[in-house]
Number of protein chains: 2
Amino acid sequence: MEDGKLTYMRTERRDAAKNRQRILDTALMLFEQHGVEQVSMNQIAIEAGIGPGTLYRRYRNKGELCLDLIKDNVVLLFEDIDMYFEQNQSEPPSLRLKGILSLFIRFRENKAQLLKGVEDSEVTNRKKSRSPLYDELNQIIVNLFNEINAEKESQKNSVFQADMLLTVLKSDSYLFQREIRGYTPEEILEQICEIFIS
Amino acid sequence: MEDGKLTYMRTERRDAAKNRQRILDTALMLFEQHGVEQVSMNQIAIEAGIGPGTLYRRYRNKGELCLDLIKDNVVLLFEDIDMYFEQNQSEPPSLRLKGILSLFIRFRENKAQLLKGVEDSEVTNRKKSRSPLYDELNQIIVNLFNEINAEKESQKNSVFQADMLLTVLKSDSYLFQREIRGYTPEEILEQICEIFIS
DNA sequence: TTGACAAACGGAGACATCTCCATTTAATAT
DNA sequence: ATATTAAATGGAGATGTCTCCGTTTGTCAA
């Protein structure tokens, strides 16, 4: 039957589900123990007692694995953002932008290593499009810039501004400011706002 | 003798010099033929008729090799910048900043692939400090921002602003705008100036 | 049950980066 | 010339990513 077939296609095989969980648990453990960067896909496969092929069948690279590990937090982030918007509808767009940047920075601080894992493998694997996380954030920021720029004639810049803002918030840049320049998250937020919200 | 010893230490052995040139020639040829990304260090070593160890002895990674291949152009870039400054001393700093950004973008367009090669391996190899190229550029830009911010009380932001400006001009960001968003170099320059010179 | 089938598996192996170190070799001093 | 010596060499191999494909194994229908 159509139904049966569809259901079959959709449901995860029991052994697969077991392995999925095993991978997730193992990765989380190894990441916590040695740090995300130090742990190889091989190590995870071996420790999880599966073949490398099995691991790569599910996650095309370490980044996807990292992303799966923070998926819940990503959902929470966007819920927070939605909530923030609901509670601050009447605020000016520049302030709302700062608000959601603050939320994002908090998220980034919480999941620094895993987020870096995600982004690192995105650049390694030459993805043309950003991850869904960044696409969705980008959309939100573009909308806010559109509001901000509504006064001026130049609507077209919003996309560019949003791209630049997200570029500057990527791991490489953010962690450089954090670790080498020694700025606090709050200072970074302030400085970025000064540049991008003028 | 001291002199002899010093000279000995300094001069490159003839076979080494020969290999160096052989590597450079081979790399340039392979890069032009297949594109920088597609060519591995192994390939270069084999094609140059040397062992991988020899290649890595001279260049710790592909990025250093790429950097060596554009070294002359980097020198030219900074000469251009110096010349520009001499001829535009009396212009306002914001305009001078735009001028040197324009020079840098031209350089980046000329040596896009190799510059990408340099930057890619910098992120891969977790360098804490930027390459000398970026350090020097950074210094120049900081100085310009200091002039620009001289009017305002906030001198301290110049370092941050310069960092962000260079972040946004890195290969990943720049090529994304260039190839995916479809902006021209001139458009990118204009947009960046709008954001950073306000 | 059982048969069929697609999904899941696992490990060999292709390639890449990079290190280590026994051996070679060019430049200098004698 | 020859000995000395430190730089240079090269290739084996450690480690990592990722693919390919023959084999196994759940799942569903009959």
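Chain naming here is simple, since letters A, B, ... match the order of the sequence lines and numbering starts at 1 in each. Reckoned from all heavy atoms, side chains included, excluding hydrogens, waters and symmetry mates. Given the structure is predicted, the values throughout are model-derived calculations rather than measurements.
Ion pairing between B/Arg58 and B/Glu64 fails under the 4.0 Å rule for side-chain N and carboxylate O. The residues B/Arg106 and B/Asp80 are annotated as salt-bridged, a charged nitrogen and a carboxylate oxygen being separated by less than 4.0 angstrom.
Looking at the side chain of B/Arg13, the nearest of the listed nucleotides C/dA26, C/dC18, C/dA16 is C/dA26. Listed candidates were C/dT17, D/dG11, C/dG10. Nearest to the side chain of B/Asn42 is C/dT17. Of all nucleotides listed (D/dT17, D/dT9, C/dC9), C/dC9 comes nearest to the side chain of A/Arg58. Of the candidate nucleotides D/dA8, C/dG10, C/dC9, C/dG10 has the atom lying nearest to any side-chain atom of A/Ile50. The A/Ala16 side chain lies nearest to C/dA8 when the options are C/dT25, D/dC18, C/dA8.
The distance between atom CG of A/Asp15 and atom P of D/dG26, rounded to the nearest whole Å, is 5 Å. If you measure from atom CZ of B/Arg60 to atom P of C/dT17, you get 16 Å, rounded to the nearest angstrom. Atom-to-atom, CZ of B/Arg57 to P of C/dC21 comes out at 15 Å; the value is rounded to the nearest Å. Between the CD atom of B/Glu64 and the P atom of C/dT17 there is a distance of 14 Å, given to the nearest Å. Atom-to-atom, OH of B/Tyr56 to C1' of C/dT17 comes out at 4 Å; the value is rounded to the nearest Å. A/Ile44 has its CD1 atom 12 Å from the C1' atom of D/dT17, to the nearest Å. Rounded to an integer number of Å, the gap from B/Met41 CE to D/dG16 C1' is 17 Å. If you take OH of B/Tyr59 and C1' of C/dT17, they are 17 Å apart, rounded to a whole angstrom.
For B/Asn19 and D/dT9, the shortest distance from a side-chain N or O to OP1 or OP2 is below 4.0 Å. The phosphate of D/dT27 (OP1 or OP2) has a side-chain N or O of A/Arg14 nearer than 4.0 angstrom. Between B/Thr54 and D/dA8 there is no side-chain polar atom (N or O) within less than 4.0 angstrom of OP1 or OP2.
For D/dG16, its base never sits under 3.5 Å from the side chain of A/Ser40 at any donor and acceptor pair.
One side chain, A/Arg108 or A/Ser171, offers a donor N or O that lies under 3.5 Å from an acceptor on the other. Between B/Thr26 and B/Glu47, the side chains place no donor N or O within less than 3.5 Å of an acceptor N or O (distance only, hydrogens not considered). For the residue pair A/Glu109 / A/Tyr174, a side-chain donor-acceptor distance below 3.5 Å is found, with atom types taken as modelled.
Between A/Gly53 and A/Gln38, the residue anchored closer to the 5' end of DNA chain D is A/Gln38, taking for each the nucleotide with the nearest heavy atom.
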